[in-house]
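Following: one structure in structure tokens, then a few remarks.
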Amino acid sequence: MKFIISSSELLAYLQSLNKVVPSRSIVPLVENFLFDISHDGLKITATDLETTLIAKIELDNIEGEGKVAIEAKRLLDILKEFAQQPLTFEINPEKSEVLIRTESGKYSIPGNFLVEEFPEPAEINPELANSFAVMAEVLRKGISSTFFAISDDDLRPVMNGIFMEVKTDNLTFVASDSHKLVRYRRTDFQAEKESSFILAKKPADLLKNILTKIDEDVKVDFDNKNAVFQMPNYKVVCRLIEGNFPDYEAVMPKNNDKVVSIDKANFYNTIKRVSLFANEASKLVKFYFRNNEVDISAQDIDFSISAFEKINCLYDNDPIKIGFKSSFLIDILQNTDTDEISMSMSDPKRAALMYPTTKKDENIDVLMLVMPMMIDEEDTDENKEENV
């Protein structure tokens, strides 16, 4: 077996695939890339038993057909040292050898040809199958806009991923860690029937990066256990999180009448500065909205440090004092594509909603919920948080 490929092209594919390869596994074979050479091209597979990523590369110079597993770490380390150049792979099953030739040298590494035990990707049950097509950019933006809010709480596994809700006229992405919640909705989407699933964090991260390279539609097939994301050069097969995602609409407050609009960059930079003076455990930053301005303050009594800034905003309702964990607001503001952001509140103990003041795209509806932290009238720092 023999094929020729650009060193930089192969490295780019393998670096994407390597995000799936486990450093240690109960099945040592999955610490390898599986190369499948055929006259149709080169197919490379990586898996951690729950998530499988397959790359398909069209090549003109291929001789022979067959499969070989090559140690992922070793091959990546070698390719990183090559300058941009064509590489010739000569694969010899009799010697269990993979020979890599360049214009000036040759390099020999072992190959594993006992690949029958390499795990096959999961298949979708046709009786329970659902499918839809979505623009790559819509899928990428939905995942990247909600990814930061995924929970790491092992006691609530249904929160450890992104809930994707398919409607006939919209596609909604939701993630929450109980203290903040993000809902990203696209109305430039259509499906034949309603369905939903929870995409786990690891495949979501894979897709978030791969989709930056894709311009075409992505075909999504799924059942109650697995999902397949089919793209021109990539295929992601992953196990879904089983269970029922909480009713996110039920926790959205309906009577937040205290609305403030503020320049996002100024708000974000001020919070970052002031948060440096917050208590390390609570990260509490306090806000006092009144008369078209907001006081932003923090303190750490243990180290005798404090900070205070006043910035302008649009707010003409009754004054309100409210506290938030600064890292939650920073995460939200970092992941909001807007110049001006609005926040609606009702009282210091109830959830606040944040959203772009004006939409850049009428097809996008973004809404973020953040729970406040308890503050008292004497401005003492209590490390207490409300939960969604």
Side-chain angles (χ1 to χ4, degrees), residues 148-149 176-183 250-336 338-357 366-388:
F148 73 97
S176 175
D177 62 4
S178 297
H179 304 297
K180 59 183 180 291
L181 180 149
V182 182
R183 188 199 71 191
V251 302
M252 295 288 186
K254 303 296 190 292
N255 59 345
N256 282 13
D257 60 337
K258 296 178 173 61
V259 181
V260 57
S261 296
I262 193 166
D263 180 80
K264 189 193 82 167
N266 193 17
F267 196 39
Y268 170 74
N269 290 327
T270 303
I271 293 171
K272 283 194 71 176
R273 284 192 298 271
V274 172
S275 67
L276 297 175
F277 297 81
N279 178 273
E280 189 65 29
S282 69
K283 301 289 186 183
L284 172 63
V285 172
K286 301 165 188 175
F287 301 82
Y288 182 29
F289 295 97
R290 72 190 192 285
N291 299 328
N292 291 325
E293 61 185 21
V294 53
D295 298 343
I296 305 175
S297 62
Q299 63 176 338
D300 189 338
I301 297 173
D302 294 337
F303 291 93
S304 300
I305 59 175
S306 64
F308 171 88
E309 285 199 41
K310 185 192 301 287
I311 59 175
N312 294 326
C313 63
L314 292 176
Y315 182 75
D316 59 3
N317 210 315
D318 295 333
I320 180 172
K321 291 181 180 179
I322 192 168
F324 295 103
K325 189 166 187 173
S326 58
S327 57
F328 293 163
L329 292 183
I330 289 170
D331 281 346
I332 287 173
L333 293 169
Q334 277 180 329
N335 290 276
T336 306
T338 183
D339 296 325
E340 186 174 76
I341 196 159
S342 292
M343 179 186 293
S344 67
M345 302 158 283
S346 59
D347 68 57
K349 297 181 181 180
R350 297 185 180 276
L353 294 178
M354 299 179 70
Y355 47 89
T357 301
V366 183
L367 189 60
M368 293 152 290
L369 177 151
V370 59
M371 298 303 298
M373 297 180 69
M374 299 297 292
I375 59 175
D376 61 25
E377 292 302 319
E378 278 125 28
D379 289 330
T380 57
D381 201 9
E382 297 182 27
N383 183 16
K384 297 179 181 178
E385 297 178 26
E386 299 292 326
N387 292 332
V388 173

**Prompt:** So among Val274, Ile296, Ile375, Ile322, which one has a side-chain contact (heavy atoms from CB on, under 4.5 Å) with Lys286?
**Reply:** Ile375
**Request:** Could you tell me whether Asp316 atom CG has more than 12 heavy atoms of other residues or ligands within 6.0 Å of it?
**Result:** no
**Request:** Output, in order, the C-alpha distance, side-chain angles, deciding distance and verdict of side-chain contact (heavy atoms from CB on, under 4.5 Å) for Asp300 and Phe277.
**Result:** CA-CA 6 Å; Asp300 189 338; Phe277 297 81; over 6 Å; no
**Message:** Checking Lys321 against Asp295 for the side-chain contact (heavy atoms from CB on, under 4.5 Å) test, could you report, in this order, the C-alpha distance in whole Å, the side-chain angles of both residues, the deciding distance, and whether it holds?
**Reply:** CA-CA 9 Å; Lys321 291 181 180 179; Asp295 298 343; over 6 Å; no
**Fill in**
Interatomic distance, CZ@Phe308 vs OH@Tyr288, rounded to 0.5 Å, equals 11.0 Å
**Request:** List the atom of Asp339, the atom of Asp263, and the distance in Å for their closest heavy-atom pair.
**Result:** O-OD1, 3.6 Å
**Asked** Would a distance-only check, ignoring hydrogens and angles, find a side-chain to backbone donor-acceptor pair under 3.5 Å from Asn317 to Asp257?
**Response** yes
**Prompt:** If you look at every heavy atom in Ile305 and Leu276, which pair is closest and at what distance?
**Reply:** CD1-O, 4.3 Å
**Other residues, nucleotides, ligands: >12 heavy atoms within 6.0 Å of Lys258 NZ** = yes
**Item:** Plane angle bin for Phe289 and Tyr315 - parallel if under 30°, tilted between 30 and 60°, otherwise perpendicular
**Value:** tilted
**Request:** Give, for atom CD1 of Ile320 and atom CE of Met343, the distance between the pair rounded to the nearest 0.5 Å.
**Result:** 10.0 Å
**Request:** Could you tell me whether the side chain of Asp302 reaches within less than 4.5 Å of the side chain of Asn279, counting heavy atoms only?
**Result:** yes
**Prompt:** Do Leu369 and Pro253 touch side chain to side chain, with heavy atoms closer than 4.5 Å?
**Reply:** yes
**Request:** Any chance you could measure Lys325, atom NZ, to Ser275, atom OG, to the nearest 0.5 Å?
**Result:** 12.0 Å
**Message:** Under the side-chain contact (heavy atoms from CB on, under 4.5 Å) test against Ile262, which residue among Leu314, Val294, Thr357 passes?
**Reply:** Val294
**Fill in**
Phe287 and Leu329 have their tightest heavy-atom pair at CZ-CD1, 3.4 Å
**Item:** Rounded distance (nearest 0.5 Å) linking atom CG of Asp318 with atom CG of Asp347
**Value:** 12.0 Å
**Asked** Does some side-chain heavy atom of Leu333 sit less than 4.5 Å from a side-chain heavy atom of Met354?
**Response** yes
**Asked** Do you know which two heavy atoms are closest between Phe324 and Met373, and how far apart they sit?
**Response** C-SD, 3.8 Å
**Message:** Can you confirm whether Val182 sits close enough to Phe148 that some side-chain heavy atom of one is under 4.5 Å from a side-chain heavy atom of the other?
**Reply:** yes
**Prompt:** Do Phe303 and Glu280 touch side chain to side chain, with heavy atoms closer than 4.5 Å?
**Reply:** no
**Prompt:** If you look at every heavy atom in Asn256 and Leu353, which pair is closest and at what distance?
**Reply:** ND2-N, 3.9 Å
**Message:** Any non-hydrogen side-chain atom of Arg350 less than 4.5 Å from a side-chain atom of Met345?
**Reply:** no
**Item:** Straight-line distance of Glu309 CD to Ile271 CD1, nearest 0.5 Å
**Value:** 10.5 Å
**Validation row: Met252, Leu181 side chains within 4.5 angstrom (heavy atoms)** = yes
**Request:** Could you tell me which non-hydrogen atom of Val285 sits nearest to which non-hydrogen atom of Ala298, and how far apart they are?
**Result:** CG2-CB, 4.2 Å
**Asked** OG/Ser178 to CE/Met371 distance, rounded to the nearest 0.5 angstrom?
**Response** 10.0 Å
**Request:** Carefully, step by step, assess Ser344 and Tyr355 under the rule side-chain contact (heavy atoms from CB on, under 4.5 Å).
**Result:** CA-CA 9 Å; Ser344 67; Tyr355 47 89; 4.1 Å; yes
